[in-house]
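Notes follow the structure.
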2 protein chains.
Amino acid sequence: MQKLTLKKIAQELDVSISTVSKALRDSHEISKDTREKINAFAKLYNYKPNNIALSLKNRKTKTLGVIIPEIVHHFFTTVISGIEKVANERGYNVIIGLSNESFTKEVINMEMLANGSIDGFILSVSRETQFLKDYHHLTETIYQGMPIVMFDRALPEVECDKVVVDDVEGARKAVLNLISHGCQNIAIITTKDYVSVGMLRTNGYLQALQESNISMNEKIILKLDDKVNEVEHMNLLEKEIKNLLVKNPEIDGIFAVNEIYALSAMKEAQKLGKNIPKDIKVIGFTDGILSKYASPGLTTVSQHGKQIGEKAAHLLIDRLENEHIDTPFQTVVIETELIERESTF
Amino acid sequence: MQKLTLKKIAQELDVSISTVSKALRDSHEISKDTREKINAFAKLYNYKPNNIALSLKNRKTKTLGVIIPEIVHHFFTTVISGIEKVANERGYNVIIGLSNESFTKEVINMEMLANGSIDGFILSVSRETQFLKDYHHLTETIYQGMPIVMFDRALPEVECDKVVVDDVEGARKAVLNLISHGCQNIAIITTKDYVSVGMLRTNGYLQALQESNISMNEKIILKLDDKVNEVEHMNLLEKEIKNLLVKNPEIDGIFAVNEIYALSAMKEAQKLGKNIPKDIKVIGFTDGILSKYASPGLTTVSQHGKQIGEKAAHLLIDRLENEHIDTPFQTVVIETELIERESTF
DNA sequence: AGGAGTTACGCAAACGTTTTCGTGTTAATA
DNA sequence: TATTAACACGAAAACGTTTGCGTAACTCCT
């Protein structure tokens, strides 16, 4: 019934705890007889060493802490599946904390985990953290010797390993694609600039326009506030987009920095009687489920979330297992890929 | 730099470890002077007790293990967000293991966690486990004194707390809704019967037909094999559905047991020139993101995943924190809700 | 037979806590 | 002044491991 321990085995077999431990680790210090007896007993009653005790002894938990802003989000979910895959392959567990885009929750979550529960962090900072620009919890964690790998929303101010996508380039390629399909009045639906990836993608958009000699038109650049993402303001998003489309009927292409924006744009455009892709072509960012099952299927810039997670986990575990060597911090860029579906041709 | 421990504080302040421990817990055994001195020092250098040591001492980790078949799945993701919410509120962490619908991975994952890493499990069994009907890993875990709460895919054979939705009733309501909208030839797209929730939903479908005096038509009952869910067989799903629709042009309503099936059905129907909802009305199961953003919006049976997660976490923690009392096992049924969108009217 | 070497095991410390109990010092009481 | 009570603190055990070291009992050699 109760979990078997070395002590209980020792009592049962009338030997010392150390003998049991050594026997189970097949030490030559122990006679073949005793070794076999102990091993048989342990196997019979399915002895498994206690992880907590091992963690305490080794000062390693073999557990990675993952902090993400939201789990109900396909991108983060694919990243986690990548992390979990390599973590498992390399003998680690994954413990997950959600910040819900809140700075305070991010800090609390990290503090809960940093006191021995995990060996290192993989994280994507919350929107609020980016907004407040308060990174002391990150720098302090690193200072205390706990490695961090940041992904997606990486902060240049924090020195650590990072795995990012080339947001600028991904956006640029997307917009160039729209242009190559003949779009001349390409709107962008993006976030306010303090969201790092939003800004980067906006930059890519601007770059593409510039190198194609299309002058930018401020009226068709829609920078949305955070609150449109909250459930209570669901239709705010739709209103803003509708407004954009109605006031600027010349729009023939839309680049949206995420799936939701892109889908909403398609839906609003369709409501206004526009045909996609004939009248308006749309490209989104993040190859989630939504894009695949939208009608028409949405052309998107895939970020390869699973790859990001895998790489992040490898970076972290590599660093954990080579603590003596101090490798310089790396920033790995995962290539984006344009996945073309019916929304553009 | 290195983490502060009681021992280091003790050395620094020239008192014993026990004194430090007691002072930090504001024991009256320690003089006010010493207490204040120690507390000030601890605060200054931001002392936090080591979780692992506490876990070992208390034989409690304050961590819940969650095992799910897939994380890239909106339903499970909402459940996790519910679990995480109440876990955090009640001072617990959440460690996640993915079975990828594999029996072996489920077993390995549970074994990794069961040896001290967590206090209890919340899990939804893998498809393969249901198929093999091998539950020894579950019963053994329970036998060893570690509580389990099963959700969604619950097994009658295993005695533990459960949180489920009333799949039969949810499906029945959905199909009745179709009928009330005038559908007479309602197809169902479901899974093979060994998937428990698939079968239950199929039963609900049959019930609704029967009580409406509509005779069932085997030709429009499509039971899909697992492999259609795998990426390699992506278009297999579509082919099967197309086949169904072409061979049975009288179909005027479709009930699908999950979002993907429903979306694919809509897409195929549309390709065949059918208008949704005019020619064919569609209802899915699981209120995920897909349903909301589909065009037309998909009417679905919402399972309230977040509530499921919250309830499961409460059940588990309640049991953990009342170990002396032995409460009988409960099966909590979360009500489903029909969310009507454009695919039905 | 006496010394050296081998074999097979146990003791104890360590990881970082909490907590019970023991004890030396001081203050209060008879 | 001698006894007791209160106070303030430390020693040690416990949670379950691993591991360096000590040592009793043999075996072997000369």
Side-chain angles (χ1 to χ4, degrees), chain A residues 2-39 41-42 45-63 112-119 144-146 323, chain B residues 2-39 42 45-63 113-119 144-146 323:
Chain A
Q2 271 294 356
K3 268 277 162 193
L4 200 56
T5 66
L6 290 186
K7 194 198 259 190
K8 288 181 194 150
I9 301 184
Q11 284 169 350
E12 217 57 45
L13 265 48
D14 214 40
V15 290
S16 78
I17 296 182
S18 15
T19 303
V20 179
S21 174
K22 287 171 184 165
L24 292 175
R25 326 195 90 240
D26 268 326
S27 161
H28 55 277
E29 272 188 72
I30 308 298
S31 73
K32 198 160 170 252
D33 261 21
T34 325
R35 242 185 299 162
E36 283 173 353
K37 187 178 62 178
I38 293 178
N39 274 294
F41 187 91
Y45 293 105
N46 193 30
Y47 168 79
K48 293 275 166 53
N50 180 301
N51 284 331
I52 295 291
L54 285 179
S55 295
L56 186 59
K57 179 121 238 300
N58 303 329
R59 280 103 131 347
K60 304 227 157 155
T61 61
K62 289 265 183 182
T63 303
M112 267 188 89
L113 299 180
N115 303 119
S117 301
I118 61 162
D119 295 339
Q144 294 204 340
M146 178 161 298
E323 264 177 330
Chain B
Q2 271 295 357
K3 267 278 163 192
L4 200 55
T5 67
L6 290 185
K7 194 198 258 191
K8 287 181 196 151
I9 301 183
Q11 284 169 349
E12 216 57 45
L13 265 46
D14 213 41
V15 290
S16 78
I17 295 181
S18 13
T19 304
V20 178
S21 174
K22 287 171 186 166
L24 291 176
R25 327 194 88 239
D26 268 326
S27 160
H28 54 278
E29 271 189 76
I30 307 299
S31 72
K32 198 159 168 252
D33 260 23
T34 325
R35 242 186 300 161
E36 284 173 353
K37 187 178 61 179
I38 293 178
N39 274 295
Y45 292 105
N46 193 31
Y47 168 78
K48 293 274 166 53
N50 180 302
N51 285 331
I52 295 291
L54 285 178
S55 296
L56 185 59
K57 179 118 238 299
N58 303 329
R59 281 104 129 346
K60 304 228 157 152
T61 61
K62 289 269 185 178
T63 303
L113 298 180
N115 303 119
S117 302
I118 60 162
D119 295 339
Q144 294 205 339
M146 178 159 300
E323 265 177 330

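Letters A, B, ... are given to chains in the order of the sequence lines, protein chains preceding strands, and every chain is numbered from 1. All values below were derived from every heavy atom in this structure, side-chain atoms included, with hydrogens, water molecules and symmetry-related copies excluded. Keep in mind it's a predicted model, so treat the numbers as computed, not measured.
Comparing D/dT18, C/dT17, D/dT19 against the side chain of A/Lys57 picks out D/dT18 as the nearest. Listed candidates were C/dT17, D/dT19, D/dG16. Nearest to the side chain of A/Asn50 is D/dG16. Picking from C/dG16, C/dG10, D/dC15 the nucleotide with the shortest atom distance to the side chain of A/Ser18 gives C/dG10. Of all nucleotides listed (C/dG10, C/dG16, C/dT19), C/dT19 comes nearest to the side chain of B/Lys22. Taking the side chain of B/Arg25 as heavy atoms from C-beta on, and the options D/dC9, C/dG16, C/dT18, the nearest nucleotide is C/dT18.
To the nearest 0.5 angstrom, B/Ile118 atom CD1 is 8.5 Å from B/Thr63 atom OG1. Note that the CD atom of A/Glu29 and the CZ atom of A/Arg35 stand 10.5 Å from one another [nearest 0.5 Å].
Donor-acceptor pairing under 3.5 Å, judged by distance alone, is absent between the side chain of B/Lys7 and the base of C/dT17.
The two residues B/Ser21 and B/Leu6 come nearest to each other via the heavy atoms CB-CD1, 3.9 Å. Across B/Ala42 and B/Leu24, no two heavy atoms sit closer than the pair CB-CD2, 3.7 Å.
With rounding to whole Å, B/Leu56 atom CG is found 12 Å from C/dA14 atom C1'. Look at CG on B/Asn58: it is 8 Å from C1' on C/dT17, rounded to the nearest Å. If you measure from atom CG of B/Asn115 to atom C1' of D/dG16, you get 12 Å, rounded to the nearest angstrom. Rounding to whole angstrom units, NZ of residue A/Lys3 and C1' of D/dC15 are separated by 16 Å. The CG atom of A/Leu6 sits 9 Å away from the C1' atom of D/dT18 (whole-angstrom rounding). Computed from coordinates, the B/Asp33 CG to D/dC7 P distance equals 15 Å when rounded to whole Å. Rounded to an integer number of Å, the gap from CD1 of B/Ile17 to C1' of C/dT17 is 9 Å. Taking atom CG of A/Leu24 as the reference point, atom P of D/dG16 lies 15 Å away to the nearest angstrom.
Considering only side-chain N and O atoms, A/Ser31 lies nowhere under 4.0 angstrom from the phosphate OP1 or OP2 of C/dA8. Dashed line: the shortest gap from a side-chain N or O of A/Thr5 to OP1 or OP2 of D/dG16 is not under 4.0 Å. Residue A/Arg59 places at least one side-chain N or O closer than 4.0 Å to OP1 or OP2 of C/dG16. Residue B/Tyr47 has a polar side-chain atom (N or O) positioned under 4.0 Å from OP1 or OP2 of C/dT17.
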